[in-house]
Amino acid sequence: MRILIWSHVPPAATSGYWLWLKAGMEAAGHQVIALDALALASLYGPVGMQRVILHYARAYAVDAALVVPSNIVEPALLQGLRQLGCALIGLRYDDAIYVGPGLPLKAMGVLRGLTGLDAGCDVVVTVCQRAVTLFGELGLPIPHYLPVPYPYPLISAEPLPQEPVIRLSGSARYVAGDRDNWRISVARALLAADLPVELCHDSWAQVPGLQAFARPTPTLAGFFHGLRTATVNVSLPSDYLPQPVPGVRLLHLETAAAGGMQVTSPAVELDDYFVADTDIAYADSVNGFVTQARHYLAHPDSARQLGQSSRKALARVGGWDVWWTRVGELLAAKGITLDLAAPHRPPRPDMVLTLSLVAASLAHLHEAAGDMDTAATYFDELLVYDPNDYAGLTGKARLTTDPEAARPYWLQAFSGMASTRELVTPALFGSQAFLTGTDFASESASHCLLIAMETARYDEVITILTKLSPTNVAIAHTMALQLLEHKQGSHCVQALDLAIQHWPEDTRSLRLRAKIHLHYGRVAEADADDARADAFESAARAGV
């Protein structure tokens, strides 16, 4: 089945969000088209962004679209998707934040705003049981409750040596001037109890009194490694509130997928996954977290058993295949048929050019911002559309720090690029003439030649010059000098032969080749090159 998702989160390979959604659904056999709505809006504006989303939907003939809380969405976009025959599924994975007991009235207003477009979806699914009742009480579209799956087979849970630490992963959600939120309160209590705590996110360095315990935000691989190796993980999905917000959050499932032991606040939704004290440990107060953390830190074998058991418990809910089957049943009850086995499709050929332009724009946008991981994702997308795309190949080459690994990209870019030269645009409307155009062949060739020289691939240098010399007067002579420095006399002569073949008036190359001929005792050849150079120089002085 072909599934469209757009979000404010860039669809990078290093994103835990997209590991859960995109990689997880792909592991279940689906084709996922993931779009970064915020970046698209910054490039094309809100209306243009929605047009791009519809273009992707048409290009891939998507079967279903997920409308998630982080979507930038308007009714016109949903109507356009429906007209394309796309089933619309609202996936409300943040409802616990807004419907938890004791939440302020302001949260209810936010909830109404977020649900304003639910009526445009064919089915709305929540991961919070209380939302089903509360939405009805508020007169909002009533969602269906479904436990959210996690693609645990994608994460290794092989036991590793445990570290005697208590690890808190995720942001501190610190707001200067506010009272401590639940995460910070629990962290302070654990440290006050003199327990070994690591706060694994850059933001903890901003919390007064906790700076010394902050650790840099890990990479995605480092994040899961940390969950696997900590004796105790404390999962605190409370966001900015001073009290715990019961519910299932992604951190719970990520920790279990890695086989990590965790202590968290109890929630009825967690009962769909875990058995208390067998798969997971609960605490309902600050002191309760201290007690549980101290106990399992002193009993690492019990902690490990709990973590390994929680990993197995995820199978009770199943993966995205099970979730989509249940969504298909909900749609069928409304008379909508969803072909869960619909095959993957490449994009329509007549729409690939636009998709390539969008991917190239996003790639260069993220590269300019220094987000190389996300830029690489878009360069990869470009190469899916066209394996010989120049922008995609050179982008991948630039992002590859190892010259040897970058070499195949530069070579392929060079081999597929027709020679281009700078052109002089004539003056128009009283303006001055200016240069336009880029010598792309020389751009990629310069990298190829540099790597070839550094790795002593001298035959490759000559191969590149064979194509480049006809349109670049200086390149062969320049490389001949470098080859001479590398004591590659025969290769130097080959480079000069190419220079003179295409640029016979190149007196520098004629003089240099004459010197090499003379060095090897080829006097007649040397005299002939010097004579040709003399003739060209005399003609130039005479103004011929």
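Residue numbers count from 1 along this sequence. Only heavy atoms go into these numbers, but all of them, side chains included; no hydrogens, no water, no symmetry mates.
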Participant: Going through the checks in order, is the side-chain contact (heavy atoms from CB on, under 4.5 Å) test met by Val123 and Ile336?
Facilitator: CA-CA 10 Å; Val123 165; Ile336 301 171; over 6 Å; no

Participant: Does a salt bridge link Arg316 with Asp279, judged by any charged N lying under 4.0 Å from a carboxylate O?
Facilitator: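 Salt bridge present between Arg316 and Asp279.
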
Participant: Of all the heavy-atom pairs spanning Ala283 and Val263, show the shortest one and how long it is.
Facilitator: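 That would be CB-CG1, 4.0 Å.
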
Participant: Output yes when a side-chain donor or acceptor of Gln308 lies under 3.5 Å from a complementary backbone atom of Ala157, and no otherwise.
Facilitator: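 Judged by distance alone, yes, a pair lies under 3.5 Å.
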
Participant: Within the distance-only criterion (no hydrogens, no angle test), does the side chain of Thr377 pair as donor or acceptor with the backbone N or O of Asp373 below 3.5 angstrom?
Facilitator: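 The answer is yes, because a donor-acceptor pair under 3.5 Å joins these two groups.
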
Participant: Who passes salt bridge (charged side-chain N to carboxylate O under 4.0 Å, His left out) against Glu367, sequence neighbours left out?
Facilitator: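 By the salt bridge (charged side-chain N to carboxylate O under 4.0 Å, His left out) rule, Glu367 matches Arg398.
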
Participant: With rounding to the nearest 0.5 angstrom, report the CG to CZ distance, Leu78 to Arg82.
Facilitator: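 Those atoms lie 7.0 Å apart.
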
Participant: Show your reasoning for whether side chain to side chain donor-acceptor pair (under 3.5 Å) applies to Asp272 and Tyr145.
Facilitator: CA-CA 12 Å; Asp272 288 325; Tyr145 169 71; 2.4 Å; yes

Participant: Checking Pro143 now: which residues fulfil side-chain contact (heavy atoms from CB on, under 4.5 Å) with it, not counting sequence neighbours?
Facilitator: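 side-chain contact (heavy atoms from CB on, under 4.5 Å) list for Pro143, sorted by chain: Val124, Thr126, Phe135.
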
Participant: Parallel, tilted or perpendicular: which describes the rings of Trp323 and Trp320, with under 30° parallel and over 60° perpendicular?
Facilitator: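 The rings of Trp323 and Trp320 stand perpendicular, inter-plane angle above 60°.
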
Participant: Is the His366 ring parallel, tilted or perpendicular to the Tyr378 ring (thresholds 30°, 60°)?
Facilitator: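 Because their plane-to-plane angle is under 30°, the rings of His366 and Tyr378 count as parallel.
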
Participant: Which heavy atom of Ala34 sits nearest a heavy atom of Lys22, and at what distance?
Facilitator: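 Ala34 and Lys22 have their closest heavy atoms at CB-CD, 3.8 Å.
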
Participant: Apply the test side-chain contact (heavy atoms from CB on, under 4.5 Å) to residues Arg228 and Phe223: give CA-CA distance (whole Å), side-chain angles for both, the deciding distance (0.1 Å), then the verdict.
Facilitator: CA-CA 9 Å; Arg228 290 169 68 189; Phe223 168 70; over 6 Å; no

Participant: Between Asp301 and Arg304, is there a side-chain N and carboxylate O pair less than 4.0 Å apart?
Facilitator: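 Between Arg304 and Asp301 there is no salt bridge, as every charged N stays at least 4.0 Å from the carboxylate O atoms.
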
Participant: Sequence neighbours left out, what passes side-chain contact (heavy atoms from CB on, under 4.5 Å) with Pro387? Give chain and number order.
Facilitator: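 Once residues adjacent in sequence are excluded, Pro387 has no partner under the side-chain contact (heavy atoms from CB on, under 4.5 Å) criterion.
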
Participant: Working to the nearest 0.5 Å, report the span between CG of Leu251 and CG of Leu227.
Facilitator: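 Between atom CG of Leu251 and atom CG of Leu227 there are 7.0 Å.
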
Participant: Examine distances only and state if a side-chain atom of Ser42 and a backbone atom of Ala39 form a donor-acceptor pair shorter than 3.5 Å.
Facilitator: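 Answer holds: yes.
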
Participant: Minimum heavy-atom separation for Ser15 to Pro10, with atom names?
Facilitator: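 Closest heavy-atom pair between Ser15 and Pro10: CB-O, 4.2 Å.
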
Participant: Any donor-acceptor pair under 3.5 Å linking the side chain of Ser310 with the backbone of Gly307?
Facilitator: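 Such a contact is found between Ser310 side chain and Gly307 backbone.
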
Participant: What distance do Asp389 atom CG and Glu381 atom CD have between them, rounded to the nearest 0.5 Å?
Facilitator: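 Separation between the atoms: 11.0 Å.
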
Participant: Please identify each residue that fulfils side-chain contact (heavy atoms from CB on, under 4.5 Å) with Glu163, with sequence neighbours left out.
Facilitator: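 Glu163: side-chain contact (heavy atoms from CB on, under 4.5 Å) contacts with Val165, Arg167, Thr229.
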
Participant: Do side-chain atoms of Ser203 reach the backbone of Ala172 as a donor and acceptor pair under 3.5 angstrom?
Facilitator: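 Yes, the answer is positive, given that a donor and an acceptor are paired below the 3.5 Å cut-off.
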
Participant: Check residues 183-190 and write down every donor-acceptor pair under 3.5 Å in which the side-chain atom is one partner and the other belongs to a residue at least two apart or another chain.
Facilitator:
residue : atom : partner : partner atom : Å
Arg183  : NE   : Leu236  : O            : 2.4
Arg183  : NH1  : Ser171  : O            : 2.6
Arg183  : NH2  : Leu236  : O            : 3.2
Ser185  : OG   : Asn181  : O            : 3.1
Arg188  : NE   : Asp180  : OD2          : 2.7
Arg188  : NH1  : Pro208  : O            : 3.0
Arg188  : NH2  : Pro208  : O            : 3.1

Participant: If only atom types and distance count, is the side chain of Asp122 paired as donor or acceptor with the main-chain N or O of Leu88 below 3.5 Å?
Facilitator: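 Yes, because the side chain of Asp122 sits within donor-acceptor range (under 3.5 Å) of the backbone of Leu88.
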
Participant: Take atom CZ in Arg311; do more than 12 heavy atoms of anything else shown fall under 6.0 Å from it?
Facilitator: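 Result for CZ/Arg311: enclosed.
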
Participant: Could you check Ile166 against Leu297 for side-chain contact (heavy atoms from CB on, under 4.5 Å), going step by step and ending with a plain yes or no?
Facilitator: CA-CA 8 Å; Ile166 301 165; Leu297 194 64; 4.3 Å; yes

Participant: Count the heavy atoms belonging to other residues, nucleotides or ligands that lie under 6.0 Å from CG of Asp402, then report whether that count exceeds 12.
Facilitator: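 For Asp402, atom CG is crowded (more than 12 foreign heavy atoms under 6.0 Å).
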
Participant: Establish, from distance only, whether the side-chain atoms of Gln31 and Glu26 form a donor-acceptor pair under 3.5 Å.
Facilitator: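 No pair is found: no donor N or O on one side chain lies under 3.5 Å from an acceptor on the other.
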
Participant: Quick one: are Ile53 and Leu4 in side-chain contact, heavy atoms under 4.5 Å?
Facilitator: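 Side chain of Ile53 against side chain of Leu4, heavy atoms only: contact under 4.5 Å found.
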
Participant: Are Asp94 and Arg249 ion-paired here, with the side-chain N under 4.0 Å from a carboxylate O?
Facilitator: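 Yes, Asp94 and Arg249 are salt-bridged.
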
Participant: Does Tyr282 offer a backbone N or O that forms a donor-acceptor pair with the side chain of Gln292 under 3.5 Å?
Facilitator: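 Pair found, side chain donor or acceptor close to backbone of Tyr282.
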
Participant: In this structure, which one of Leu357, Leu43, Leu35 forms a side chain to side chain contact (heavy atoms under 4.5 Å, CB included) with Leu362?
Facilitator: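 Of the listed residues Leu357, Leu43, Leu35, the side chain to side chain contact (heavy atoms under 4.5 Å, CB included) partner of Leu362 is Leu43.
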
Participant: Rounded to the nearest 0.5 Å, how far apart are CZ of Arg215 and NE2 of His201?
Facilitator: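 Nearest 0.5 Å value for the CZ-NE2 distance: 15.0 Å.
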
Participant: Against Tyr93, only a single residue in Val68, Leu250, Leu66 fulfils side chain to side chain contact (heavy atoms under 4.5 Å, CB included); can you say which?
Facilitator: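 Of the listed residues Val68, Leu250, Leu66, the side chain to side chain contact (heavy atoms under 4.5 Å, CB included) partner of Tyr93 is Val68.
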
Participant: Which pair of non-hydrogen atoms, one from Ser235 and one from Thr255, has the smallest distance, and what is that distance?
Facilitator: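 Smallest heavy-atom distance, with atoms named: OG-OG1, 3.9 Å.
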
Participant: Between the main-chain N or O of Ala214 and the side-chain N or O of Glu198, is there a donor-acceptor pair closer than 3.5 Å?
Facilitator: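 It does not hold such a pair.
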
Participant: What distance separates Ile155 CD1 from Leu314 CG, expressed to the nearest 0.5 Å?
Facilitator: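 Those atoms lie 11.0 Å apart.
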
Participant: Taking only residues two or more places apart in sequence or in another chain, which ones pass salt bridge (charged side-chain N to carboxylate O under 4.0 Å, His left out) with Asp380?
Facilitator: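 Asp380 satisfies salt bridge (charged side-chain N to carboxylate O under 4.0 Å, His left out) with Lys396 only.
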
Participant: Would you say the side-chain atoms of Asn233 pair up with the backbone N or O of Met261, donor to acceptor, closer than 3.5 Å?
Facilitator: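 Checked: pair present.
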
Participant: For Asp321, does its backbone N or O pair with a side-chain atom of Thr325 as donor and acceptor, under 3.5 Å?
Facilitator: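 Here the side-chain-to-backbone pair exists.
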
Participant: Test side-chain contact (heavy atoms from CB on, under 4.5 Å) on Glu443 and Tyr390 and set out the steps.
Facilitator: CA-CA 11 Å; Glu443 177 198 45; Tyr390 186 83; 2.4 Å; yes

Participant: Atom CD1 of Ile97 and atom CZ of Arg92: how far apart are they, to the nearest 0.5 Å?
Facilitator: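 Reported to 0.5 Å precision, the distance equals 10.5 Å.
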
